[in-house]
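Sequence lines set the chain letters: A, B, ... in the order given, protein chains first and strands last, and positions in each chain run from 1. Here the structure is a predicted model, which is why all the values come from computation and not from measurement.
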Protein chains: 2
Amino acid sequence: MKPKIQDVAKVAGVSPTTVSRVLNDRGYISSKTKEKVFAAMKEINYIPNDLARSLYNKRTYLIGVIVPSTNHPFFGELVDNIERICNDKGYKVLLCNSLQEAEKEKKYWDMLQRNQVDGVIVVTYNRGLVDKEQQFPAVVIDHYLSENIHVVSSDNFQGGEMATKELIEAGCENIIHINGDVNLETPANERQYAYEKVMHDAGRIPLTYHVPNVAYLESNIDIIKQLFKENPDVDGIFASDDLLAIRTLQYAESLGYKIPEDLKIIGYDGTGLIRSIYPDLSTIIQPTYQIAENAVETLIQEIDGKPHDLKEKTFPVSLWKGKTTGHVT
Amino acid sequence: MKPKIQDVAKVAGVSPTTVSRVLNDRGYISSKTKEKVFAAMKEINYIPNDLARSLYNKRTYLIGVIVPSTNHPFFGELVDNIERICNDKGYKVLLCNSLQEAEKEKKYWDMLQRNQVDGVIVVTYNRGLVDKEQQFPAVVIDHYLSENIHVVSSDNFQGGEMATKELIEAGCENIIHINGDVNLETPANERQYAYEKVMHDAGRIPLTYHVPNVAYLESNIDIIKQLFKENPDVDGIFASDDLLAIRTLQYAESLGYKIPEDLKIIGYDGTGLIRSIYPDLSTIIQPTYQIAENAVETLIQEIDGKPHDLKEKTFPVSLWKGKTTGHVT
DNA sequence: CTGAAAGCGCTTACAG
DNA sequence: CTGAAAGCGCTTACAG
């Protein structure tokens with residue numbers, strides 16, 4: 001059996017109350033007693049049971065993180081940052097890969113409630129997850145979920161503008177946008193609106209192709225093929241995800257397009273991973289660290305019952321100028 | 001206040017015991033009672049507290065996963081698989097990104113113990129993590145930790161052999177190996193041994209360069225530069241990580257080497273992500289799904305106290321033939 | 001088929 | 001400065 005606080009008490013010759021006090025550094029305890037208790041804990045190799053603590057304190061220091069998948073550069077980087085920041089602040093992360101499936105998300109949500117997590121960070125684009133009565137502190141990244149929930153994101157409209165302008169300035173005449181599933185309320189929709197606005201302002205006609213699932217590249221290749229078939233004269237593409245941009249670039253090259261001479265391409269996300277292995281790809285960089293930091297900090301404030309004025313926080317994005325839009329690196 | 005089992009009992013007009021029985025589907029209960037209880041649970045929106053349950057049952061269905069970082073294609077893919085498989089089997093994942101720091105790993109290990117996780121899956125290359133007396137079920141991926149701990153990995157020796165032979169068969173004369181930190185006991189060491197054996201068998205002299213940290217590309221560029229400076233006639237490189245391979249390839253190209261004409265390169269890991277955005281890169285594919293599956297299943301067997309004969313499980317790797325070793329795709 | 005009681009391991013008023 | 005008692009929310013023998 002694992003030793004418990006009673007065992008420590010017995011060995012140290014004090015009461016469980018005292019051991020608990022030493023453990024929590026609470027109230028006045030003579031230094032001799034403290035030493036005795038510490039010695040006893042060491043002797044029998046005592047490890048506190050956080051389950052019992054949490055049950056009493058109604059506080060688990062557990063944060064649920066729901067993301068589509070860690071196996072994607074953007075979410076991988078985001079989760080990495082979230083976990084690191086949580087850990088620094090004494091919180092633990094319960095990881096939930098929802099695969100973008102609404103049903104799975106609901107199951108995870110229930111599970112997190114049963115496990116008494118202190119709060120949840122959600123990165124998902126399905127509707128109707130958080131409309132339940134029984135609620136707890138939650139923060140959402142990149143997506144408006146419900147009135148009472150703080151949402152943090154980077155400036156997707158600004159990103160869409162930047163990307164489109166970058167292509168225009170690079171001299172592109174026929175700029176096409178590739179976006180994800182139009183039915184999901186992803187932040188990429190904002191990027192599309194920005195693209196359309198910039199195009200209109202420049203007196204051009206916007207054209208967007210939608211791929212079924214940004215994350216699963218294989219299912220997208222058909223749309224990419226269709227795009228080139230229907231628009232052989234395309235000379236600028238703004239893809240709302242770096243992986244999609246890379247896939248498009250490769251297909252274009254296989255058709256004989258020279259990048260950036262015949263066709264310029266810009267992606268989105270600009271994770272450290274992609275920038276380091278694909279430095280040539282122009283892209284819009286999302287500040288994942290800042291997003292993660294704000295999400296965690298706001299959530300903790302909410303957990304602590306501290307008021308945080310902001311219901312929404314948006315961070316600026318930045319442009320990574322690569323060869324694929326004609327820059328020399 | 002959140003409703004508890006007592007509240008349900010009151011509303012349903014039964015005892016807490018009965019509610020608990022209904023909840024756990026245990027013992028005989030009349031169907032009318034069941035219905036009353038379910039109705040009451042729904043009415044007051046009851047959600048069971050798994051903390052209390054776990055405290056009593058001494059079983060949390062929580063699995064700790066310690067990895068260097070989710071922000072790396074190989075670990076990202078691995079964690080993704082582990083989480084998915086755990087979830088399918090009713091387990092939850094407590095994520096720990098250790099950043100390869102021994103001290104952080106120890107802290108995480110303690111935290112996991114305090115949180116009463118049922119078991120741990122460790123992917124780390126530091127020594128001396130699990131020598132503590134107070135132990136619980138654990139499985140290690142890719143690294144021998146201690147006598148009693150099951151280790152699952154893919155065949156790193158086979159991978160090293162395959163990679164080296166691939167370069168030899170492609171006609172390379174001067175084959176150099178790039179590996180990670182020689183002080184960490186990573187599985188990559190096996191790959192190096194295999195490389196050395198194949199080289200010796202072919203009557204050649206092996207030469208290995210070590211980069212400080214495979215995961216952080218920036219810190220590696222100096223070593224790569226040195227390699228090319230000291231061996232301008234290199235015509236084959238086996239890098240023990242795809243990111244490293246890609247970085248090396250890019251640097252070589254910047255020096256004017258044509259790939260694969262002047263220089264052939266093969267990487268390692270072969271994650272779905274890298275294969276889809278860098279299909280040209282020859283690499284050794286590790287079966288991350290199988291590794292994850294075996295790790296989770298073995299761990300659960302251990303948790304359940306079922307005997308599992310194997311102390312070690314090794315899965316075969318496979319070769320991805322890309323343009324960087326001269327294949328036409 | 002159902003309930004009262006004790007206990008999982010910890011903590012915190014309340015006394016002293 | 002220290003201890004006995006009650007309670008966090010649940011479950012399981014033990015009776016009936």
Side-chain angles (χ1 to χ4, degrees), chain A residues 1-38 40-41 44-62 110-118 134 136, chain B residues 1-38 40-41 44-62 110-118 134 136:
Chain A
M1 285 306 294
K2 293 180 189 166
K4 40 190 177 182
I5 226 170
Q6 283 232 27
D7 303 317
V8 178
K10 214 168 290 171
V11 173
V14 298
S15 73
T17 311
T18 301
V19 177
S20 173
R21 280 214 196 77
V22 173
L23 221 46
N24 295 295
D25 204 22
R26 219 177 241 293
Y28 302 93
I29 303 159
S30 74
S31 52
K32 305 152 224 160
T33 309
K34 252 188 203 171
E35 273 168 40
K36 270 195 301 182
V37 171
F38 279 128
M41 293 198 302
I44 63 174
N45 211 286
Y46 171 73
I47 291 167
N49 184 331
D50 275 357
L51 237 46
R53 264 182 209 231
S54 296
L55 180 60
Y56 187 93
N57 295 327
K58 297 176 182 310
R59 182 84 182 251
T60 55
Y61 291 94
L62 226 41
D110 290 346
M111 181 275 275
L112 293 173
Q113 286 200 85
R114 287 198 312 275
N115 281 274
Q116 313 299 119
V117 296
D118 289 341
Q134 180 83 19
F136 44 12
Chain B
M1 286 306 293
K2 291 179 189 168
K4 42 189 176 180
I5 226 171
Q6 282 230 27
D7 303 318
V8 178
K10 214 167 291 174
V11 173
V14 297
S15 74
T17 312
T18 300
V19 177
S20 173
R21 281 216 194 74
V22 173
L23 222 43
N24 296 294
D25 204 21
R26 220 177 239 294
Y28 302 94
I29 303 157
S30 74
S31 51
K32 302 153 226 157
T33 309
K34 252 187 204 171
E35 273 169 40
K36 268 194 301 180
V37 171
F38 280 127
M41 293 198 302
I44 63 173
N45 211 287
Y46 171 73
I47 291 168
N49 183 331
D50 276 356
L51 238 45
R53 264 182 211 231
S54 296
L55 179 59
Y56 187 93
N57 295 328
K58 296 175 183 309
R59 183 82 183 253
T60 55
Y61 291 93
L62 225 42
D110 289 347
M111 180 276 275
L112 294 173
Q113 286 201 85
R114 286 200 311 275
N115 280 275
Q116 314 299 116
V117 297
D118 289 341
Q134 180 82 20
F136 44 11

Answer yes or no: is there an ion pair linking B:Lys4 with B:Asp7, defined by an N-O contact shorter than 4.0 Å?
no

Ranking A:Lys4 and A:Arg21 by the position along DNA chain C of their nearest nucleotide, the one closer to 5' is A:Lys4

What's B:Thr17 touching, base or sugar-phosphate or nothing? Going by heavy atoms closer than 4.0 Å.
base

Nearest whole Å is fine: how far is D:dG3 P from A:Ile5 CD1?
13 Å

B:Lys58 side-chain N/O to C:dG9 phosphate OP1/OP2 under 4.0 Å
yes

Below 4.0 Å: OP1/OP2 of C:dC10 and any side-chain N or O of A:Ser54
no

Any side-chain N or O of A:Thr33 less than 4.0 Å from the OP1 or OP2 oxygen of D:dT2?
yes

Please report, rounded to the nearest Å, how far the C1' atom of D:dC8 is from the CG atom of A:Leu55.
4 Å

Is there a side-chain polar atom (N or O) of B:Tyr56 under 4.0 Å from OP1 or OP2 of C:dC10?
no

Under 4.0 angstrom, heavy atoms only, what part of the nucleic acid is A:Asn57 near: base, sugar-phosphate, or nothing?
sugar-phosphate

Check: B:Asn49 side chain, B:Leu51 main-chain N or O, donor-acceptor pair, under 3.5 Å:
yes

A:Arg26 vs C:dT11: side-chain N/O to OP1/OP2 distance below 4.0 Å:
no

Out of C:dC8, C:dG3, D:dC10, which has the shortest distance to the side chain of B:Ala52?
D:dC10

Between B:Thr18 and C:dG3, is there a side-chain N or O to OP1/OP2 distance below 4.0 Å?
yes

May I have the distance from B:Asn115 (atom CG) to C:dG9 (atom P), rounded to whole angstrom?
16 Å

Within 6.0 Å of CZ in A:Arg26, more than 12 heavy atoms from elsewhere
no

As a test of understanding, state which of A:Val22, A:Thr17, A:Asn24 forms a side-chain contact (heavy atoms from CB on, under 4.5 Å) with A:Ser20.
A:Asn24

Could you state the atom-to-atom distance from CD of B:Gln6 to P of C:dA5 in whole Å?
13 Å

Over how many whole Å does the gap from B:Met41 atom CE to D:dC10 atom C1' extend?
14 Å

Just the dot-bracket of DNA chain D, please: which string comes out with Watson-Crick or G-U pairs under 3.5 Å, [ ] for crossing, | for another strand?
|||.||||||||.|||

